[in-house]
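One structure below.
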There are 2 protein chains.
Amino acid sequence: MRPLFHPAIEDVRPEAILHALADPARAAIFASITQAGCVQACSAVSSLGDRVIPRSSLSSHFKVLREAGLIRSERHGVEMRNHSRCAEVEARFPGLLSAIMNAYAGAKACEATVP
Amino acid sequence: MRPLFHPAIEDVRPEAILHALADPARAAIFASITQAGCVQACSAVSSLGDRVIPRSSLSSHFKVLREAGLIRSERHGVEMRNHSRCAEVEARFPGLLSAIMNAYAGAKACEATVP
DNA sequence: CCCCATAGTTCAGAAATTCGGAACTAAGGG
DNA sequence: CCCTTAGTTCCGAATTTCTGAACTATGGGG
């Protein structure tokens with residue numbers, strides 16, 4: 001099992017962040033990690049809404065988020081702890097993450113009125 | 001040639017916008033259209049930096065931007081006029097587009113110092 | 001120490017996307 | 001008409017994503 005790679009904050013690319021968050025599943029995972037005080041086990045998000053996500057897919061979603069520079073993952077015993085890097089990303093790209101998360105929240109609220 | 005489809009602003013999805021702008025080429029095209037007073041022919045962006053973009057790829061890039069709700073395209077004689085829908089998108093997802101464009105601008109400025 | 005359970009990763013083939021060249025359509029001259 | 005310009009469509013190749021199955025790693029009994 002190769003060690004986890006985390007890009008330095010100055011190596012983080014906007015296109016990688018956009019690509020990572022362009023998938024609603026990954027955006028939801030990231031939102032969950034960020035809101036839940038920065039720690040969330042991988043298995044804690046095994047399902048998302050009504051959709052069940054296979055473990056291999058979940059693993060690659062976390063990998064995409066990690067390599068985009070959005071989260072930091074560390075093995076802690078048998079489980080993984082994921083921390084949001086939102087403060088770092090905010091410093092490098094001001095307003096980006098909050099605008100994206102607000103956009104998703106807004107769209108969700110909007111479609112909830114007309115299901 | 002089927003007529004061009006433009007989503008209503010309330011049907012615009014955040015994931016579509018992020019996906020569209022996650023490609024640096026499309027982001028550059030969108031920035032160009034937005035900055036150039038909202039009108040830009042398709043062929044005006046036939047190359048981007050040092051990279052030459054084939055016309056079929058350019059056409060599909062415009063299609064992605066159009067269907068994401070980022071631009072409005074209308075045939076005008078032999079050429080196409082593309083208008084940025086940034087005002088509409090800004091109203092629906094406040095701060096999103098400016099944060100994204102700033103992120104790209106910031107990353108570009110940063111890498112220009114160490115080429 | 002060995003075995004089991006849990007948590008996650010890796011691999012490989014299938015499915016879906018994207019890329020790009022060639023042929024095509026549309027509009028405006030001459 | 002025919003030519004040129006501007007862009008679209010088609011389709012096969014290349015790339016990426018998805019996911020089930022097998023694998024690795026860690027901790028806890030017995």
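Scope of the values below: all heavy atoms of this structure, side chains included, with no hydrogens, waters or symmetry mates. All of these numbers come straight from a predicted model, not from anything done at the bench. So that the names make sense, note that chain A is the first sequence line, chain B the second, and so on, each numbered from 1.
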Grab the N/O contacts between the protein and nucleotides 13-18 of chain C below 3.5 Å, and write none if there aren't any.
unit_1  : atom_1 : unit_2 : atom_2 : d
dT18(C) : OP1    : H19(B) : NE2    : 2.8

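- For I53(A) and dA7(C), the CD1 to P distance is 17 Å, given to the nearest whole Å.
- Note on the helix from dC1(C)-dG30(D) to dG30(C)-dC1(D): terminal axis deviation equals 0°, with five pairs used at each end and the result rounded to 10°.
- Put simply, CG on L58(A) is 11 Å from P on dT19(D), counting in whole angstrom units.
- Regarding F62(B), its CZ atom lies at a distance of 16 Å from the P atom of dG20(C), rounded to whole Å.
- When each of G77(A) and R55(A) is assigned the nucleotide of DNA chain D with its nearest heavy atom, R55(A) is the one assigned upstream, toward the 5' end.
- At whole-Å resolution of the value, CD in E79(B) and P in dA27(C) are 14 Å apart.
- Put simply, S57(B) has no side-chain N or O that comes within less than 4.0 Å of OP1 or OP2 on dC19(C).
- Taking only side-chain atoms of H61(B), from C-beta outward, the nucleotide of dT9(C), dT8(D), dC19(C) with the closest atom is dC19(C).
- Without hydrogens or angle criteria, R81(A) side chain to S73(A) main chain gives no donor-acceptor distance under 3.5 Å.
- Transitive grouping of hydrophobic side chains (ILVMFWY, heavy atoms separated by less than 4.5 Å) brings L97(A) and I9(A) into a common cluster.
- Of the possible polar contacts, one joining the T34(B) side chain to the F30(B) backbone as a donor-acceptor pair under 3.5 Å is found.
- For the pair S59(A) and dT9(C), the criterion of a side-chain N or O lying under 4.0 Å from OP1 or OP2 is met.
- Among the nucleotides dT19(D), dA27(C), dT9(C), the one closest to any side-chain atom of M80(A) is dT9(C).
- Closest to the R66(A) side chain, of the nucleotides dT9(C), dG21(C), dT6(C), is dT9(C).
- At whole-Å resolution of the value, NE2 in H76(A) and P in dG8(C) are 13 Å apart.
- A donor-acceptor contact shorter than 3.5 Å is absent between the side chain of E67(A) and the backbone of H6(A).
- N82(A) places its CG atom 8 Å from the P atom of dG8(C), with the value rounded to the nearest Å.
- Remark: R51(A) is in phosphate contact with dT19(D), judged by side-chain N or O atoms under 4.0 Å from OP1 or OP2.
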